[in-house]
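Per chain, numbering begins at 1; letters A, B, ... match sequence-line order.
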Amino acid sequence: MGELRLMKGNEALAEAAIRAGVDGYFGYPITPQSEVIEYLTAEKPYERTGMVVLQAESEVASINMLYGAGATGKKVMTSSSSPGISLMQEGISYIAGAEIPVVLVNVVRGGPGLGDIQPSQSDYFQTTKGGGHGDYRLIALAPSSVQEMSDFVPLAFELAFKYRNPAIIISDGAIGQMMEKVELFEQMPRLTDEEIREKYRWATNGKLKDGTRRVITSLDLDPHKLEEHNLKLQAKYREIEEKEVRYEMLQCEDAEYIIVAYGLSARISQKAIQLLREKGHKVGLLRPITIWPFPKKQIDELVKKGVKGFLSVEMSAGQMVEDVKLAVNGRVKVEHFGRLGGVIHSPEEVVAAMENKIIGG
Amino acid sequence: MADINIQDIIKPENLVYKKTRLMTDKTLSYCPGCGHGTTHRLIMEVVEELGMEYETIGVAPVGCSVLAYEFMNVDMQEAAHGRAPAVATGIKRLWPDKLVFTYQGDGDLAAIGTGETIHACNRGENIVIVFINNGIYGMTGGQMAPTTLVGMKTSTTPYGRDVEMMGNPLKITELVAQLPGTYYVTRQAVHTPSAVRKAKRAIKKAFENQLNKKPGLSFVEVVSNCNSGWKMSPVDANNWMEENMFPFYNLGDIKVDGKLVTK
Ligand SMILES: Cc1ncc(C[n+]2csc(CCOP(=O)(O)OP(=O)(O)O)c2C)c(N)n1
Ligand code: SF4
Ligand SMILES: [Mg+2]
């Protein structure tokens, strides 16, 4: 068993970054995730593992530092919260276009605009549907515990490098701020410069000895070539959809109704399911762990098994519910429930929504 | 008269100039007479002379030189508009022994990317910035740049740059020279053979500073023409540049070895 600690989600994520052998972190403070950079600067990872930590002058700068460093084959990450992630979108689009493997973290807060600093899930569209310009996708992992804030860091890097694609850990102010027991994984080694040059031949870290030079760009002025590049990206996204869907199902075997919820909403919905079952309703929980790729097939199978209705529960005005509807494709009832602006719904509210909108509706 | 055989002339001992192999054979996308191509060549000659071909990573901007990576035969990245100094920071922080440079126009460096420029300079990133100041947005068709001279006509200042409306041209090079993080700041040109030789010495000094890990950033401005944007012939553009740009953007060193040059 690994080392056990009581930690905030943000701190667990920062510690996991050091332990995952991350080479560099670039970030700009914003509530509710400033603990990430505070923890990293206090821990002096440059002494522990040689990891570089730099406070950038803005999120625009951090995402472009990530572009530069990531394009050399190093493992680099940034973290921010909603407004900061919005500011990064041009850079994220470039990173996706140039196929640079980096890890982003969004500890989501209430919006739109400056909004508030309370937990929210209203950045689902931005995360899963693009966010920046152009046709691209992020591999999006949604932790629902402090443990997953730690575990998803190496997983996000593994996926990012496997597909040469940006991956994002999409959390929220509650998961980031709450303290829980976490089992930390053992320190993983950082790759040496030579190992990186050997492993990632595409990376721009100085021409290869055989004279091969590498270029990292998202530009191609020839529309036919750019279409070809886009088709290649799309093929990659289809492969990710095929192979990398992650989810958890709770009490779905006999379920007549399903709550679909990720992150903090999944935690709350777990309690709601217990209350609903006590009332005699056969309700299960489908928790997407990857919100992109989305567990469409699993929903389809649940419909085929005879599930009569789905309630999508998220702290937003109804974003993920669109993906649930696409997967259900009109066969059974799908409704949304969620509080807005950083208000966290109670299990009882979820119970009432399930009873009123789906079971009795 | 005896026939002259050209093969007798092409001999190593007669060689006066050779294109560096660090420029690709791709035809430059620049207008004839434009200073971008010459400046590219100088940078690549310096990298070759320093023996750093395998250790150099360049960052191209968004602007006419967006395709610099097609011409410069080293590992290259193409940055978002204005963000090259942040991109270069990311590279250099993780590969401190590599030579890292950015190549940026005035719109890129002194308008949209002002923040990244100032902070990279202020942190004293051990990189080289080569800054092409042509007083205009060449790539997008000749709009006003932060460096456009007062009264100068561009497609967005069709009656000339009006200070009341658009402020004064920005001398960002003098500005970054004030920051303790810059080690070498100079302003050069590439429109005559003697200017080219001086500019090359400056670029070499900048790269040597980085190689020798001198504390701070080396910043080389090249005042250049944009004959297309200025709507002049190449010769007229160079004359106009001497008469109008140089009196405002004075050529010469501004900061050497971390100390401001007193004139
Ligand atoms: C975010 C963004 N805004 C605007 C543009 C359009 N754009 C491309 S190049 C350019 C100006 C470049 O001018 P400069 O940096 O002076 O380079 P030059 O072409 O003169 O060498 C602009 C505004 C862009 N590509 N990206
Ligand atoms: S438009 Fe101006 S800056 Fe661009 S290539 Fe032509 S002369 Fe050079
Ligand atoms: Mg310009």
(request) Heavy atoms only: give me the nearest Thr72(A)-Gln77(B) pair and the separation to one decimal. (result) CG2-NE2, 3.9 Å
(message) Are there over 12 heavy-atom neighbours, none belonging to Leu28(B), within less than 6.0 Å of that residue's CG?
(response) yes
(message) For the NZ atom on Lys129(A), are there more than 12 heavy atoms of other groups (residues, nucleotides or ligands in this structure) within a distance under 6.0 Å?
(response) yes
(request) Examine whether an atom of Ile95(A) lies under 4.5 Å from a heavy atom of chain B, and if so say whether it belongs to the side chain, the backbone or both; otherwise answer neither. (result) neither
(request) Report yes if some heavy atom in the side chain of Glu90(A) is under 4.5 Å from a heavy atom in the side chain of Arg83(B); otherwise report no. (result) yes
(message) Heavy-atom cut-off 4.5 Å, strictly under: side chain, backbone, both or neither for Ile57(B) against chain A?
(response) side chain
(message) Looking at Tyr28(A), I want to see if its OH is surrounded by more than 12 non-hydrogen atoms of other residues, nucleotides or ligands under 6.0 Å.
(response) no
(message) Please determine whether the number of non-hydrogen atoms from other residues, nucleotides or ligands lying under 6.0 Å from atom CE of Met52(B) exceeds 12.
(response) yes
(request) Please state whether the side chain, the backbone, both or neither of Ala80(B) comes within less than 4.5 Å of a heavy atom of chain A. (result) both
(message) For the interface with chain B, which of Asn205(A), Thr217(A), Asp23(A), Leu219(A) has the highest count of heavy-atom pairs at distances below 4.5 Å?
(response) Asn205(A)
(message) Shorter than 4.5 Å, heavy atoms on both sides: which option in Leu208(A), Val52(A), Leu54(A) has the most such pairs with chain B?
(response) Leu54(A)
(message) Using side-chain heavy atoms (C-beta onward) and a distance below 4.5 Å, is Glu78(B) in contact with Val215(A)?
(response) no
(request) Of all the heavy-atom pairs spanning Glu57(A) and Gly115(B), show the shortest one and how long it is. (result) OE2-O, 3.7 Å
(request) Heavy-atom distances under 4.5 Å only: say whether Val76(A) touches chain B with side chain, backbone, both or neither. (result) side chain
(request) Assess whether atom NZ of Lys213(B) is packed by more than 12 heavy atoms of other residues, nucleotides or ligands within 6.0 Å. (result) yes
(request) Go through the atoms of Leu221(A) and report whether side chain, backbone, both or neither lie under 4.5 Å from a heavy atom of chain B. (result) side chain
(request) Quick one: pull up NZ in Lys207(A) and CD in Glu55(B) and give me the separation to the nearest 0.5 Å. (result) 11.5 Å
(message) Given heavy-atom pairs under 4.5 angstrom as the criterion, report whether the side chain, backbone, both or neither of Val62(B) touches chain A.
(response) side chain
(message) Under a 3.5 Å distance rule, please check whether Arg213(A) uses its side chain to pair with a backbone N or O of Val74(B) as donor and acceptor.
(response) yes
(message) Which atoms of Tyr94(A) are under 4.5 Å from chain B, going by heavy atoms: the side chain, the backbone, both sets, or neither?
(response) side chain
(request) Under 4.5 Å heavy-atom distance to chain B, tell me which part of Leu66(A) shows up: side chain, backbone, both or neither. (result) neither
(message) If we ignore hydrogens and angles and just use 3.5 Å, is the side chain of Lys209(A) paired with the main-chain N or O of Tyr54(B) as donor and acceptor?
(response) no
(message) Take a 6.0 Å sphere around CG of Asn212(B) and say whether it holds more than 12 heavy atoms from other residues, nucleotides or ligands.
(response) yes
(request) Could you look at Ala203(A) and say if it's the side chain, the backbone, both or neither that has a heavy atom under 4.5 Å from chain B? (result) backbone
(message) Can you tell me which portion of Asn73(B) sits under 4.5 Å from chain A's heavy atoms? Options are side chain, backbone, both or neither.
(response) both
(request) Taking all non-hydrogen atoms of both residues into account, name the closest pair between Ala69(A) and Leu94(B) and its distance. (result) CB-CD1, 3.1 Å
(message) For Lys204(B), I'd like to know if atom NZ has over 12 heavy atoms of other residues, nucleotides or ligands within 6.0 Å.
(response) yes
(message) Report which part of Leu99(B) has an atom under 4.5 Å of a heavy atom belonging to chain A: side chain, backbone, both, or neither.
(response) neither
(request) Heavy-atom distances under 4.5 Å only: say whether Ser58(A) touches chain B with side chain, backbone, both or neither. (result) side chain
(request) Could you look at Thr102(B) and say if it's the side chain, the backbone, both or neither that has a heavy atom under 4.5 Å from chain A? (result) neither
(message) I'd like to know whether CG of Asp220(A) has more than 12 heavy-atom contacts from other residues, nucleotides or ligands below 6.0 angstrom.
(response) yes
(message) I'd like to know if the side chain of Asn64(A) reaches the main chain of Ala86(B), judged simply by a donor and an acceptor atom lying under 3.5 Å from each other, with no hydrogens or angles considered.
(response) no
